Amino acid sequence: MSSDMNNKNCAEGSSRSGAGGDQQPPAPLSRYESQKRRDWNTFGQYLKNQRPPVPISQCNSNHVLEFLRYLDQFGKTKVHLNGCVFFGQPDPPAPCTCPLSQAWGSLDALIGRLRAAYEENGGSPENNPFGNGAIRIYLREVKESQAKARGIPYKKKKKRKNQLKVNDEVVKSAKPSTRRQRNELLFHQCKLD
C-alpha cells in the first residue's frame with residue numbers, strides 16, 4: 001500500500017512541478033481594476049434582471065441610462081429640488097426632504113470604468129454604449145443641475161500648458177543673486193515639469 005501512496009504522490013508531484021508549478025500567484029488587482037470589475041459585474045447583473053434579460057451584446061445607451069437612473073436611489077448626495085428653500089445654497093442650515101442622488105463625479109467615474117471594461121471584454125469602441133453621445137449629454141445635465149441645486153458652479157480646470165508657460169517665463173526672467181535662490185528656482189521649475 002505504501003508503494004501505491006508513493007506512486008500517487010509522484011504522479012501528483014509531477015503534475016505540479018511542471019511549467020505551472022513555478023508560476024507566481026497573480027498580483028492583486030489595483031483599486032481601480034477591482035472597482036472596474038465590480039461595476040462590470042453589477043451592470044451585467046442589472047441586464048440579467050431585466051424582463052426579458054438583455055445580453056450584453058444587445059445593450060445600448062438606453063439600457064445604460066436606465067441603469068444610471070436606477071443607481072440614483074442608492075445615492076448619498078443631497079440634491080435640492082427647485083421648490084426647496086435651500087435650493088442654490090452650498091451649506092443649508094437645516095435638513096430638508098429633498099432626495100438623495102448619485103453625485104455627478106461618481107457617475108462620471110463609473111461610466112469611465114464601464115467604458116473601459118466594455119472594450120476589455122470584447123466590445124468594439126465604435127459600438128460602446130458607454131461612450132454614446134446620449135450618455136455624455138445625461139452626465140452634463142446631471143452636473144449642471146447639481147451645481148445649480150448646491151449653488152456651487154463647476155469650474156473648468158485651466159489648461160496646464162498656459163500655466164507652465166507663465167511660470168516658466170517667471171522663472172527665466174528671475175535673476176537669482178545667490179546660489180540658494182538659483183537652487184530654489186531650479187527646484188520650482190522641476191516641480192512644474
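None of these values were measured; they are calculated from a predicted model. Throughout, residue positions are numbered sequentially from 1 according to the sequence presented.
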Please examine the side chains of [Y] and [X], heavy atoms only from C-beta on, and report whether any two atoms are closer than 4.5 Å.
| X | Y | value |
| --- | --- | --- |
| Phe87 | Lys148 | yes |
| Asn41 | Gln45 | no |
| Trp104 | Leu139 | yes |
| Thr97 | Cys84 | no |

Measure across [X] and [Y] and return the closest heavy-atom pair with its distance rounded to 0.1 Å.
| X | Y | value |
| --- | --- | --- |
| Phe130 | Trp40 | CE1-CZ3, 4.0 Å |
| Ala116 | Lys36 | CB-CD, 4.1 Å |
| Pro95 | Phe86 | O-CE1, 3.8 Å |
| Ser61 | Ile135 | O-CD1, 3.7 Å |
| Leu65 | Ala134 | CD2-O, 4.2 Å |
| Ser145 | Val142 | OG-O, 3.1 Å |

If you look only at distance, which donor and acceptor atoms sit under 3.5 Å apart when one is on a side chain in residues 50-60 and the other is two or more places apart or in another chain?
from, atom 1, to, atom 2, distance (Å)
Gln50, NE2, Tyr46, O, 3.2
Asn60, OD1, Asn62, N, 2.8
Asn60, OD1, His63, N, 3.2
Asn60, OD1, His63, ND1, 3.2

Find the distance between CG (Leu110) and CG (Asp39) and round it off to the nearest 0.5 Å.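 Leu110 CG to Asp39 CG: 5.0 Å, rounded to 0.5 Å.
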Between CG of Asp108 and CZ of Arg113, what distance do you get to the nearest 0.5 Å?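 Rounded to the nearest 0.5 Å, the CG-CZ separation comes out at 10.0 Å.
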Could you list the donor-acceptor pairs under 3.5 angstrom formed by side chains in residues 66-77, with sequence neighbours left out?
from, atom 1, to, atom 2, distance (Å)
Asp72, OD1, Gln102, N, 2.9
Gln73, NE2, Tyr70, O, 3.2

Is it the case that over 12 heavy atoms from other parts of the model lie below 6.0 angstrom from the NZ atom of Lys78?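 Counting other residues, nucleotides and ligands, NZ of Lys78 exceeds 12 neighbours.
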